[in-house]
Amino acid sequence: PPRSTLFPYTTLFRLHSLLKDLHVYPTPTGLVVLDGHRRLAAALRAGLDTVPALVVAVDDEPARVERQLVSNDEHARTLPVERAEAIRQLVLLGVPRRDITRRTGAPPAEIDAAQAVAAAPQAVRDLGRTSPLLDLVTLGRLADLADVAGADAAQRAAQSISRDPAQADHVIERARRDAANAAAREEAAAALAATGVTVIDIKDVREGVRELRLWRSEERRVGKECRS
């Protein structure tokens, strides 16, 4: 978790040495934390060698994931990518969508978003780890943008949103609109080219004009030097 998320826990550990027990459960490879991931991370950051823990029983893997997700929501705002990973895990474990909603409170829109985030470019997932104020549905819309406009467009949008998360909806909508306009231009250009019309991109024209101006400017400079 981000340092800002851990700071209150770290401070409490240093002041009081320990908080309530971590909840852990046994596996063939050792103990796994069920409840208290942030407290454990803060304890490690505070330099503690040991922390109190309570070994608990877990019925099955879906129940463990559901319990962890609900517990995280109760104790602190879960990062959107953490929520996406938990919901995605429940889907892969075969838990029906209606049961995910009933047991965790995740609406259908969040379940769809979790699926999109799982396949999103790394820049989108990184944004979900560093922007705690960003909700999962918005992160899912950004992930969908990669399918519509490409990974590069999604990465540029993620960078803009990281600078100003409040503008997320505007940034995503603008990127979608730009992608739709670009697709429409390409389709129109292809149709014209099929009829024998030569299509010139205005960007190429502007670049050509810019180069011509630079060439003329250099020509005048050389002429002045020769006359002098």
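Note: hydrogens, waters and symmetry copies are ignored here, and every other heavy atom, side chains too, is used. Computed from a predicted structure; not experimentally measured. The chain is numbered in sequence order, starting from 1.
We find the CD-CG distance between E187 and L192 to be 11.0 Å, quoted to the nearest 0.5 Å. A distance of 12.0 Å separates CD in Q155 from CG in L145, rounded to the nearest 0.5 Å. T130 OG1 to L127 CG: the interatomic distance, rounded to the nearest 0.5 Å, is 5.0 Å. Atoms CD and CD1, on Q115 and I111 in that order, are 8.5 Å from each other to the nearest 0.5 Å. Atoms CD1 and CZ, on I172 and R177 in that order, are 12.5 Å from each other to the nearest 0.5 Å.
Minimum heavy-atom separation, A154 to P121: CB-CG, 4.5 Å. Between R125 and A118 the shortest heavy-atom distance is NH1-CA, 3.7 Å. Nearest heavy-atom pair across P165 and S162 is CD-O, 4.1 Å. Between I100 and V91, the shortest heavy-atom contact is CD1-CG2, 3.8 Å. Closest non-hydrogen pair, A113 versus L136, comes out as CB-O, 3.5 Å. For the residue pair P80 and D135, the shortest heavy atom distance occurs at CB-C, 4.2 Å.
For the pairing with L142, the side chain to side chain contact (heavy atoms under 4.5 Å, CB included) check across L134, V171, V124 returns one residue only, V124.
Proximity of L54 to L22: side-chain heavy atoms (C-beta onward) are nowhere separated by under 4.5 Å. The side-chain heavy atoms of Q159 and R163, taken from C-beta on, include a pair separated by under 4.5 Å. R103 is listed as a side-chain neighbour of V95, based on a closest heavy-atom distance under 4.5 Å. With contacts defined as side-chain heavy-atom distances shorter than 4.5 Å, the pair V51/D21 does not qualify. Side-chain contact between E110 and T101 is absent, with no heavy atoms from C-beta onward closer than 4.5 Å.
When atom types are taken as modelled, the side chain of R176 and the backbone of V148 share no donor-acceptor pair closer than 3.5 angstrom.
In the displayed structure, Q122 atom CD is contacted under 6.0 Å by more than 12 heavy atoms of other residues, nucleotides or ligands.
The side chain to side chain donor-acceptor pair (under 3.5 Å) test applied to R97 returns D112, not counting sequence neighbours.
Salt bridge annotation for R141-D169: present, with a cationic side-chain nitrogen under 4.0 angstrom from a carboxylate oxygen.
Side-chain heavy atoms closer than 4.5 Å link hydrophobic residues (I, L, V, M, F, W, Y) into clusters, and following such links, even through other members, never connects V137 to V117.
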